[in-house]
Every structure is written in C-alpha cells, then in structure tokens.
Trainee: 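My questions will all concern the structure given below.
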Number of protein chains: 2
Amino acid sequence: MADTHREQSRVPRSRNVGRPRQSEQALLDAAAAVFVTSGVDAPVREIAAKAGVGVGTIYRHFPTRPELVVAVYRHQVEACAEAGPRLLAESASPEAALRAWVALFVDFLVTKHGLAGALQGDNAGSDALHTYFVGRLVPVCGSLLEAAREPGAAATEIDAYNVLKGIGNLCISASSDAQYDAAALVQLLISGVLARGDR
Amino acid sequence: MADTHREQSRVPRSRNVGRPRQSEQALLDAAAAVFVTSGVDAPVREIAAKAGVGVGTIYRHFPTRPELVVAVYRHQVEACAEAGPRLLAESASPEAALRAWVALFVDFLVTKHGLAGALQGDNAGSDALHTYFVGRLVPVCGSLLEAAREPGAAATEIDAYNVLKGIGNLCISASSDAQYDAAALVQLLISGVLARGDR
DNA sequence: AATAGTACGGAACGTCGCTCCGTAATTCAC
DNA sequence: GTGAATTACGGAGCGACGTTCCGTACTATT
C-alpha cells in the first residue's frame with residue numbers, strides 16, 4: 001500500500017477560496033434539492049457534491065444524518081404543527097379539523113420520498129428525526145384527538161403518540177407503490193379511532 | 001495493489017471436509033436461529049458463521065437476501081394463509097373471523113423483529129419477500145374482507161392489497177418501541193375498513 | 001487413474017454513514 | 001506588517017453492509 005495517502009494538495013488547487021461559506025443555508029438548500037430528486041435517503045456524498053463541499057463540512061454543521069433531515073424539514077413541520085389549532089378553530093366540527101390536519105400531515109409525508117420511512121427511530125431515543133417529529137406533533141395531534149372524541153372517552157383509548165406513529169407508518173412506501181393509497185388507509189384508521197366502542 | 005489476492009489456501013486447512021452439506025435445511029435452521037436473536041436484518045455474514053459456511057454458500061442456495069427470508073418463514077406464512085378459511089368456518093361471525101386472522105398475522109409480524117420492515121419491496125416487483133407475502137396472503141385477506149363487509153359494499157371500498165400492506169406497515173417497529181401498540185392500531189384500522197360510509 | 005462436474009469458503013468489490021486530520025483561510029496580538 | 005492562534009474545510013479512511021467471483025477441494029463417472 002505504498003500510496004499517496006494524505007496528499008490532497010499536490011496542486012494548490014483553488015478550493016472555494018475566500019468565501020467563508022456563510023453558514024448552513026447553502027447546505028440546507030442543496031440537501032433539500034437532492035431530497036426532492038433522490039429522496040430523503042440520498043447518500044450524504046451526493047448532498048455534499050451538490051453543495052460543492054466535502055462530507056466533513058456537512059457533518060460539522062449537522063453531526064448526524066437525521067439532524068440534517070430535521071433541519072431541512074423544520075419549517076414544514078412547524079407549519080403543520082401550527083395548522084392544528086387553526087383548523088380546529090376554523091372547521092365545522094372537531095372531527096373535520098382532525099381529518100383535515102391528518103390529510104395535511106399525510107400529504108407532507110407522502111410527497112417527501114422516504115421521509116416516513118426515515119421517521120421510525122431505530123433504537124433508543126437517539127434518533128433526532130423521530131424525536132423531533134414526535135415532540136412537535138404529538139401535542140397537536142393530541143388536542144385534535146381530544147376535541148374530536150366523545151366527551152367521556154375511556155382511558156383505554158389509544159393515545160396520540162400511537163395514532164401519529166401509526167399514520168407515519170401507513171405512509172411508508174406510499175410513493176413508489178402506485179396501488180397503495182396511504183391517505184385512504186389513514187382516514188380509515190381515523191374512523192376506527194373515532195368510532196365508539198360499540199363497533 | 002501488488003498484494004496477495006487469491007490465496008485462500010496458504011495452508012491446506014481442513015474445511016468441512018467430506019460432508020457434502022446435505023442441502024439447505026441446515027442453512028435455514030441457522031438463519032432462523034439468528035433471526036430470532038438478531039432480527040431479520042442480521043448480517044449475512046452472521047448467518048454464515050452460525051451455519052459454519054461461507055457467505056458464498058448462502059448465496060448459492062438463496063440468490064438474494066429476501067429469498068432466504070422467504071424460505072425461513074414460508075411455513076409460518078403458509079400456516080397463516082391456511083388459517084383464513086378455517087377461521088371463517090369456525091368463527092361466530094365473518095367480522096370475528098377477520099379480526100382473529102388479522103390478530104394472527106400481526107402477532108406473526110411483531111414477533112419477528114424487522115420482518116414487517118423488510119416487507120415493503122423497495123422497487124419494482126423484484127423483491128421476493130414482498131411478492132411472496134402479497135401473493136399468498138392477499139387472496140386470503142380478500143375473502144375474509146368480502147365476507148365481513150356489508151353485502152352491497154361499494155366498489156370504492158379499499159381493496160385487500162391495501163389493507164394487508166397497511167397492516168404490515170403498522171407493524172413496523174412494533175418491537176423496539178414499548179409504547180407503540182401495533183395490534184391495537186390494526187384493529188382500529190379494521191374497524192374503519194368495516195365501518196359503513198355513514199361515518 | 002484420469003477426468004468432468006459441482007459445491008465450497010472467503011477475499012474482493014462497491015456503497016453506505018461517519019471520523020479524522022493535514023491544510024488553508026481568517027482573526028488577533030503586537 | 002508580520003507571525004501565531006484559531007477556525008473551517010475537503011476528502012481519504014474506516015468499519016459494516018449486501019453481493020460477486022474464483023481458486024480450490026471434494027465427488028461421480030469412466
């Protein structure tokens with residue numbers, strides 16, 4: 001292996017000289033663009049190439065892959081979270097609000113290839129993506145759920161975390177399978193969640 | 001790269017000499033054992049080590065990873081498929097039969113770590129695991145569904161493929177997340193599927 | 001005994017997420 | 001202005017993955 005290891009400046013190659021790369025925004029834009037074309041699972045190297053930086057730079061700003069994903073989608077998740085209370089105020093009924101919000105969420109997940117799949121934190125609480133989604137959206141989903149349920153709903157009812165995660169799971173592989181209709185299944189799940197115990 | 005490539009018999013090392021390794025059964029047993037301890041996503045090398053063979057041997061018998069998984073679980077999938085008609089005959093109502101069968105299926109998926117996750121065929125029809133599950137179980141699920149639905153169910157009703165895939169997706173990450181209750185969500189989904197359009 | 005056929009192990013390959021480190025750009029002290 | 005300290009950078013390298021490939025060693029056939 002008598003090779004050339006550690007030699008990246010054989011030629012003083014200009015690099016992106018001078019420009020201090022004002023922070024992460026350029027990175028986020030590049031990542032967002034790559035996610036659109038290649039899905040959320042796109043290799044980090046591809047994002048780095050698109051942004052014209054090395055992978056090291058990406059990992060300096062976003063220590064793990066999920067954190068980059070969170071950063072890219074933070075605005076949209078935030079918008080989705082904020083839509084919850086608004087829908088509750090504007091809709092004809094709490095159930096309509098819940099269904100509209102859920103449709104919003106599903107549409108968000110389905111249009112971002114691979115996002116739903118990346119959502120389940122594989123182990124422990126160490127997955128920033130899962131943690132962020134759950135932390136931000138469970139409370140929203142919870143209030144909508146509470147409002148839409150019968151007043152004296154039993155304590156045995158399934159909780160918002162389960163509903164949210166169930167929705168997320170149902171959205172997996174929604175893109176890439178034309179005959180799979182995640183939105184319809186999710187609405188059916190909501191029907192089940194809202195149904196009284198008599199069914 | 002002037003290295004030692006292609007030299008695996010420096011020493012005539014005894015190998016598993018003589019024994020022609022009567023077919024795949026030993027492989028399947030080893031794989032099943034590893035799947036239990038390390039999940040369905042266990043590295044092929046680990047299975048090979050457990051079986052005392054090289055990875056090449058595994059790939060000779062099962063050209064792709066999904067095919068090995070299919071082979072390991074074929075019996076149980078078969079049993080699940082056969083349980084469908086039996087439950088329909090034995091149960092008090094078609095709905096009870098459907099719910100019992102679904103519970104059976106969920107239990108199967110949930111107890112095999114990672115199986116549900118491995119179930120979505122990533123692309124095209126090339127995933128043997130997805131293809132096998134769908135091909136074997138969709139008809140079964142379809143008859144149960146048909147029996148359990150109102151007689152004149154609209155053509156707009158969701159089909160068995162969607163229901164089955166939805167169940168599979170809901171079971172993802174059921175192990176490894178103590179507060180996630182896949183079985184409950186699946187039953188709620190079934191409630192939604194069975195509910196009349198008036199909800 | 002010589003040959004053909006086949007099953008075998010595991011090195012090698014390409015790709016992944018992520019780490020590491022030599023170097024370049026910038027800032028600061030004087 | 002000059003030199004040292006600090007910071008940001010690119011991309012080679014690492015370990016692990018699924019999968020391929022091929023020299024070898026068994027087994028059958030003649």
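Residue numbers begin at 1 in each chain, while the letters A, B, ... track the order of the sequences. Just so we're clear, the structure is a prediction, and the values are computed from it rather than from any experiment.
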Trainee: For DNA chain C, what residues of residues 36-49 of chain A have any heavy atom nearer than 4.0 Å?
Mentor: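 Contacts with DNA chain C under 4.0 Å: A:Ala42, A:Pro43, A:Val44, A:Arg45.
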Trainee: Is any side-chain nitrogen or oxygen of B:His61 closer than 4.0 Å to OP1 or OP2 of C:dA7?
Mentor: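 So the side-chain polar atoms of B:His61 never come under 4.0 Å of the phosphate oxygens OP1 or OP2 of C:dA7.
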Trainee: Can you classify the ring geometry of B:Phe108 versus B:Phe133 as parallel (below 30°), tilted (30 to 60°) or perpendicular (above 60°)?
Mentor: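 Because their plane-to-plane angle is under 30°, the rings of B:Phe108 and B:Phe133 count as parallel.
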Trainee: Any side-chain N or O of B:Thr57 under 4.0 Å from OP1/OP2 of C:dA7?
Mentor: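 Looking at the OP1 and OP2 atoms of C:dA7, neither is under 4.0 Å from any side-chain N or O of B:Thr57.
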Trainee: Check whether any side-chain heavy atom of A:Leu170 lies under 4.5 Å from a side-chain heavy atom of A:Tyr180, and answer yes or no.
Mentor: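 Side-chain contact under 4.5 Å: yes.
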Trainee: Both A:Thr64 and B:Val55 contact DNA chain C. Which one's nearest nucleotide lies toward the 5' end?
Mentor: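 The residue whose closest nucleotide sits nearer the 5' end is B:Val55.
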Trainee: What residues join B:Ile172 in its hydrophobic cluster, counting side-chain heavy atom gaps under 4.5 Å, either direct or through other members?
Mentor: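 B:Ile172 clusters with A:Ile172.
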Trainee: Please walk me through it: do A:Leu164 and A:Phe105 pass side chain to side chain contact (heavy atoms under 4.5 Å, CB included)?
Mentor: CA-CA 9 Å; A:Leu164 194 69; A:Phe105 183 46; 3.6 Å; yes
Trainee: Taking the nucleotide of DNA chain C with the closest heavy atom to each, which residue, A:Pro63 or B:Gly54, is nearer the 5' end?
Mentor: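 Between the two, 5'-proximity favours B:Gly54.
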Trainee: In whole angstrom, give the distance that lies between atom CD1 of A:Ile58 and atom C1' of D:dA12.
Mentor: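 Result: 16 Å.
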Trainee: The side chain of A:Arg60 lies closest to which of these nucleotides: D:dT19, C:dG9, D:dA8?
Mentor: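 Of D:dT19, C:dG9, D:dA8, D:dA8 is nearest to the side chain of A:Arg60.
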Trainee: Distance-only criterion, 3.5 Å: show the donor-acceptor pairs between side-chain atoms of residues 33-56 of chain B and protein atoms not counting sequence neighbours.
Mentor:
from: B:Thr37; atom 1: OG1; to: B:Val34; atom 2: O; distance (Å): 3.2
from: B:Ser38; atom 1: OG; to: B:Glu46; atom 2: OE2; distance (Å): 2.7

Trainee: Within the structure provided, determine whether A:Arg136 and A:Val70 are in side-chain contact (heavy-atom separation under 4.5 Å).
Mentor: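 Not in contact.
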Trainee: State which of C:dG9, C:dC18, D:dC9 makes the closest approach to the side chain of A:Tyr59.
Mentor: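 Nucleotide nearest to A:Tyr59's side chain: C:dC18.
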Trainee: Nearest to the side chain of B:Val53, which nucleotide is it out of C:dG9, D:dT19, D:dG10?
Mentor: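 Selected nucleotide: C:dG9.
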Trainee: Can you figure out which of C:dT19, D:dT20, D:dG18 approaches the side chain of B:Arg65 most closely?
Mentor: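 For B:Arg65, the side-chain atoms sit closest to D:dG18.
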